Amino acid sequence: MEIKRDVALAPYTTYNIGGAAKYFAILRSRQDFILASEFARDNKLKLLVLGGGSNVLISDEGFDGMVVLNRYKDLKISEDKVQVGSGYLLSLLILDLLKQGVVGLEPLYGIPGTIGGAVYQNAGAYGLEIKDVFFSAEFISNTGEFFTLNNKDMGFSYRHSFLKENSYIALEITLKLSRQDLSDAEKKLQEIKSIRITKPVGKSSGSFFKNPFPDKPAGMLIDQTGLKGLSVNDACVSYEHANYLINKKNASMQDIIELSRLVKEKVYNKFKIKLEEEVELVDNKKFAI
Ligand SMILES: Cc1cc2nc3c(=O)[nH]c(=O)nc-3n(C[C@H](O)[C@H](O)[C@H](O)COP(=O)(O)OP(=O)(O)OC[C@H]3O[C@@H](n4cnc5c(N)ncnc54)[C@H](O)[C@@H]3O)c2cc1C
């Protein structure tokens with residue numbers, strides 16, 4: 001594991017936004033996590049884990065601590081469970097499991113990012129959420145201790161897990177999957193691929209706001225407020241999907257934040273509904289471990 005200084009974070013995010021990390025390392029094994037965690041503690045640094053960077057909006061000032069990019073991709077398959085390194089890309093995991101006859105995650109195909117990031121957020125799509133397949137995970141705490149938690153300890157709810165309120169990093173994740181219905185799973189995968197292709201193009205974090213109610217998705221409220229195309233410099237409400245706030249070229253975090261503030265204000269004025277961010281805002285106040 002090599003620790004670098006002053007590494008720009010924008011290229012590690014789907015928004016392509018964000019200043020530099022004071023310290024930066026790419027982690028590929030459990031041992032790398034132990035070393036990075038020791039380094040952060042010895043140097044009294046905040047430690048932030050990034051997976052695919054597909055649900056973060058990083059400050060233009062960067063991060064005054066240590067950022068670790070998670071590329072830990074171990075994979076062990078048993079009869080009805082899969083243990084996976086938290087840095088495995090979710091879509092790649094789905095394809096790799098299908099090749100081995102293991103099914104159950106197909107609706108999540110196309111969500112960018114890692115399985116670790118998906119657990120943090122209880123990511124979901126097309127009727128399936130991580131909580132439905134999560135069995136347990138091993139974590140490392142900010143004091144370097146390891147511990148394992150089961151599904152019921154995770155505080156999963158809509159786009160939420162207890163990781164949002166604690167400074168723990170998921171290292172290895174165990175999922176309960178199945179070996180049945182392989183051809184159904186392949187059909188489902190093709191179906192999801194064809195739906196996903198129609199998603200908006202442009203640099204974004206996917207849906208910017210949570211859906212306040214199942215029958216009132218944020219995109220519909222923003223669209224009905226007439227905000228498609230609303231811009232702040234290079235930050236713009238997508239014409240294709242109003243819940244995507246896209247970076248057209250060189251938007252800063254401040255541009256996206258200002259745009260989201262306007263969207264929230266206008267939607268509130270029209271519907272009296274407060275939108276809440278789904279994306280994680282990362283600045284020097286964020287302390288991931
Ligand atoms: C085009 C597009 C489409 C999307 N579609 C969907 C969708 O359909 N459904 C959906 O739910 N989301 C969707 N997203 C959002 C995003 O892809 C998911 O939230 C994804 O699970 C984030 O994973 P990541 O590895 O990129 O996390 P990152 O963005 O790298 O990190 C997000 C947060 O998770 C924390 N984190 C990451 N890894 C770990 C770990 N190992 N342990 C503890 N904390 C960790 C980070 O510190 C950070 O706070 C979409 C995004 C894009 C750009």
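All ligand and atom numbering here is 1-based and tracks the order in the structure. In this text the structure is predicted, and so the values were computed from the model without any measurement.
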Colleague: On the ring face of Tyr268, is Lys270 found with NZ or CZ under 6.0 Å from the centre and within 45° of the axis?
Modeller: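 No.
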Colleague: Quick one: does Ala125 get an N or O within less than 3.5 Å of an N or O on ligand 1?
Modeller: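 No; every N/O pair is 3.5 Å or more apart.
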Colleague: For ligand 1, note which part of Tyr158 has a heavy atom under 4.0 Å away: side chain, backbone, both or neither.
Modeller: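 Looking at Tyr158 and ligand 1, no heavy atom falls under 4.0 Å.
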Colleague: Mark yes or no: Lys46 above the aromatic ring of Phe63, with NZ or CZ under 6.0 Å from the six-membered ring centre and no more than 45 degrees from the axis.
Modeller: yes
Colleague: Taking N or O atoms only and a 3.5 Å limit, does Ile169 qualify as a polar contact for ligand 1?
Modeller: no
Colleague: Below 4.0 angstrom, N of the basic side chain to O of the carboxylate: do Arg159 and Glu129 qualify?
Modeller: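 Glu129 and Arg159: salt-bridged.
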Colleague: Could you pull out, from Ala123, Ser207, Gly51, the option with a heavy atom nearest to atom 30 (O) of ligand 1?
Modeller: Gly51
Colleague: Side chains of Tyr15 and Ile58: does their closest heavy-atom pair fall under 4.5 Å?
Modeller: no
Colleague: Show me the pairs that pass ring-ring contact (aromatic ring centres under 6.0 Å, His included) and involve residues 38-57, at least two apart or across chains.
Modeller: Tyr23-Phe39
Colleague: Under 4.0 Å from any heavy atom of Ser205, which atoms of ligand 1 are there?
Modeller: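 By the 4.0 Å cutoff, the relevant atoms are 15 (C), 50 (C), 51 (C), 52 (C), 53 (C).
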Colleague: Does Arg159 come within less than 4.0 Å of ligand 1, judged by its heavy atoms?
Modeller: yes
Colleague: Can you list the steps and then say if Arg261 with Glu265 is a salt bridge (charged side-chain N to carboxylate O under 4.0 Å, His left out)?
Modeller: CA-CA 6 Å; Arg261 192 191 65 71; Glu265 183 181 277; 3.1 Å; yes
Colleague: Short question: side chain of Thr225, backbone of Lys266 - any donor-acceptor pair under 3.5 Å?
Modeller: no
Colleague: Under 3.5 Å between some N or O of ligand 1 and some N or O of Leu163?
Modeller: no
Colleague: Answer yes or no on whether Lys81 is positioned over the face of Phe135, meaning its NZ or CZ is under 6.0 Å from the six-membered ring centre and within 45° of the axis.
Modeller: yes
Colleague: Counting heavy atoms only, which part of Asn70 comes closer than 4.0 Å to ligand 1: side chain, backbone, both or neither?
Modeller: side chain
Colleague: Please confirm whether Asn122 comes within less than 3.5 Å of ligand 1 when only nitrogen or oxygen atoms on both sides are compared.
Modeller: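 There is no such contact.
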Colleague: Using a strict cut-off of 4.0 Å, indicate which atoms of ligand 1 neighbour a heavy atom of Tyr168.
Modeller: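 Listed by number with element, the hits are 43 (C).
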Colleague: Below 4.0 angstrom, N of the basic side chain to O of the carboxylate: do Glu138 and Arg30 qualify?
Modeller: yes
Colleague: Output yes when the distance from some N or O of ligand 1 to some N or O of Ala170 is under 3.5 Å, and no in every other case.
Modeller: yes
Colleague: Heavy atoms only: which of Leu171, Val56, Ile115, Leu128 is nearest to atom 48 (C) of ligand 1?
Modeller: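 When every heavy atom of Leu171, Val56, Ile115, Leu128 is considered, Val56 comes closest to atom 48 (C) of ligand 1.
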Colleague: Sort out for me which residue in Leu50, Leu281, Val279 forms a side-chain contact (heavy atoms from CB on, under 4.5 Å) with Val56.
Modeller: Leu50
Colleague: Output yes when the distance from some N or O of ligand 1 to some N or O of Ser54 is under 3.5 Å, and no in every other case.
Modeller: yes
Colleague: For a 4.5 angstrom cut-off between non-hydrogen side-chain atoms, does Glu276 reach Lys264?
Modeller: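 No, their side chains stay 4.5 Å or more apart.
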Colleague: With only distance considered, is Gly206 within less than 3.5 Å of ligand 1 through an N or O on each side?
Modeller: no
Colleague: Quick one: does Leu48 get an N or O within less than 3.5 Å of an N or O on ligand 1?
Modeller: no
Colleague: Which of the atoms of ligand 1 are close to Ser86, meaning less than 4.0 Å from one of its heavy atoms?
Modeller: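 Taking each heavy atom of Ser86 in turn, ligand 1 has 41 (N) under 4.0 Å.
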Colleague: Within a distance under 4.0 Å of any heavy atom of Gly113, pick out the atoms of ligand 1 and give their elements.
Modeller: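 Listed by number with element, the hits are 23 (O), 24 (P), 25 (O), 26 (O).
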Colleague: Answer yes or no: does an N/O atom from Asn55 fall short of 3.5 Å to an N/O atom of ligand 1?
Modeller: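 Right, the criterion is met.
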Colleague: Please work out which of the three classes, parallel, tilted or perpendicular, describes the rings of Tyr168 and Phe162, given edges at 30° and 60°.
Modeller: tilted
Colleague: Nearest non-hydrogen atom to atom 7 (C) of ligand 1 belongs to which of Gln121, Lys164, Arg196?
Modeller: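 Checking each option, the heavy atom nearest atom 7 (C) of ligand 1 is found in Arg196.
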Colleague: Can you tell which of Tyr12, Tyr72, Tyr120, Tyr15 gets a heavy atom nearest to atom 34 (O) of ligand 1?
Modeller: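 Of the listed residues, Tyr120 has the closest heavy atom.
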